[in-house]
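Take a look at the structure below.
All of these numbers come straight from a predicted model, not from anything done at the bench. Note on naming: letters A, B, ... go to the chains in the order of the sequence lines (proteins, then strands), and numbering restarts at 1 for each one.
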Amino acid sequence: LPVSDNLEADALKFLGRFGYISSAQAEQGAQSLMSVDLSEAIKKLQRMGGITQTGVLDIRTRELMQKPRCGVKDPVGEEEGGRKKR
Amino acid sequence: YVLAPSKWDHTDLTYRIENYTPDLPWHEVRRVIADAFKVWSDVTDLTFTEVMNTKADIMIKFASKYHKDGYPFDGKGLILAHAFFPGKDKGGDTHFDEDEKWTINSNGEGVDLFMVAAHEFGHALGLSHSNEPKALMYPWYQGYIPDFQLPYDDTLGIQVIYGGKGPYVTFRPPARTTRRPNTGGYSTLAPPRKAPIDPCKGNFDAIAVIRSEVFIFIGKYFWRSREPKTILSSEPSTIHDFWYGLPDNVESIDAAFEHPTNRRIYFFSGNRYWIYDGNSLSNGHPRSGKPITDFGIPQDIEKIDAVFVWGFNKRIYLISNDMYWKFKESDEYIEPDYPRDMSIWKNVPIPVDTAFKFQDNTYFLKGKEMYKFYDMKMRVALNWPKSIEDFLGC
């Protein structure tokens, strides 16, 4: 299913900026993103942030996206390659 | 902890502070930066030496918004700083957002420079973000921590890379090497070209598909044909003979494209551009051209390497060295959040000579090599690059 129109553009921008959706999706725009991809991306963000993994843009997730942070992408995408988690 | 894809191949690292924030006395900034490096040298054999006038492994600066890399800052809040993983050129470089209020030992107000610097230097040494909230490499700012000690997670991470010393030594240092990274200057410009006139040797200034014909620009010459394999069967024309009104001091075209909706033809040379209707200058467009800053391109950009319409989304992209911009959908001004780093276009070499769309595919060219782009996978297609000789029927 395509992403519904009411998703906040800021959330997509955040997910793209910090590596939770692929460079391709970030460059191609919201129309390329499936809702299942988005839910998984939000879960990864929630996992990294240490909050409950609901897969939706709940209040805690929105707060997390407002908090000051480092600009380096988080190691969640496969595209970076070569990263090892221990 | 999570390891980055790269590490330094020597342990005697140098750093240079290129500028200072007005928020703090400069000697305090120097002390805090040294203390932040000490966090990492205390648990490894790494050493950090400040240099003043030469290129260093880790170049440090305070910058605001666009600052000549592909990652513009966003004003006060959210992104505080960033750093590049170890490597050549920008590798290791660390940038702090000048729009933040930088403080020392701050409780509540402002951003503590030491905490952020220690985190960023973790990236500069080869650590990625950790999802352990107590770790220094956790991506979200945790505020000032009095008597900070490097957490266990980060200590293990850095010792996996460089070996260790101190209370948590778990890993032996890797074999040392004396080879240093290439610390040569970082240039935003391709090397100057001597006007080659044999297209089979590559080194194109620009290639564009205009009115369904392929145009190849080298120096003051261009070739054109509907079928690239026959393009060299005719003699080249000169740009000034065909594109009326192009100033004599324009000796070559850096980039060209046909606008997908208004069908006008855009030429870029140096930091200026010209718009043509057919082969005449568009009504009202000055013969001297207009500055590319009109599009929102920063002033320090001296030339555009390539402009192309990406078939995937029909949007217009501009490339200069290792950065690219996208035009807004409905006008000819760049979108916010750009430039972005060219690494998104995976395996495309930088700086590219030119890029163009041909038969719904996007191609990037550098030298004699032609790279077909696989849009869906956002990388160069398998079995590419190929020699330009195939494309031109040399």
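- Of the two parts of B:Glu100, neither the backbone nor the side chain holds a non-hydrogen atom closer than 4.5 Å to a non-hydrogen atom of chain A.
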For residues 71-78 of chain B, run the donor-acceptor check on the side chains, cut-off 3.5 Å, and write out each pair with its distance to 0.1 Å, sequence neighbours left out.
from: B:Asp74; atom 1: OD2; to: B:Ile79; atom 2: N; distance (Å): 3.1

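- Taking chain A as the reference chain and counting heavy-atom pairs below 4.5 Å, the highest number among B:Asp97, B:Val116, B:Val111, B:Asp337 is found for B:Asp337.
- Of the atoms belonging to B:Ser130, it is backbone heavy atoms, and not side-chain ones, that fall under 4.5 Å from chain A.
- Counting heavy-atom neighbours within 6.0 Å of A:Arg60 CZ, excluding the residue itself, gives a total of 12 or less.
- When heavy atoms are compared at a cutoff of 4.5 Å, B:Arg379 does not approach chain A at all.
- Residue A:Lys73 holds its NZ atom at 11.5 Å from OG of B:Ser128, rounded to the nearest 0.5 Å.
- Heavy-atom minimum distance, B:Glu120 versus A:Val72: OE1-CG2, 4.2 Å.
- When B:Phe84, B:Trp345, B:Tyr324 are compared by the number of non-hydrogen pairs under 4.5 Å with chain A, B:Tyr324 comes out ahead.
- Around CD of B:Glu329, the count of heavy atoms belonging to other residues, nucleotides or ligands within 6.0 Å does not exceed 12.
- Heavy atoms closer than 4.5 Å to chain A are found in both the backbone and the side chain of B:Pro139.
- Within the 4.5 angstrom heavy-atom criterion, only side-chain atoms of B:Tyr338, from C-beta onward, approach chain A.
- Side-chain atoms of B:His123 and A:Cys70, non-hydrogen and from C-beta on, do get closer than 4.5 Å to each other.
- Each of B:His95, B:His129, B:His82 has some count of heavy-atom pairs under 4.5 Å with chain A, and the biggest count is that of B:His129.
- Most heavy-atom pairs under 4.5 Å with chain B: of the set A:Pro68, A:Gly71, A:Gly49, this distinction falls to A:Pro68.
- Between the side chain of B:Trp140 and the backbone N or O of A:Leu64, at least one donor-acceptor pair lies under 3.5 Å.
- The side-chain heavy atoms of A:Arg69 and B:His119, taken from C-beta on, include no pair separated by under 4.5 Å.
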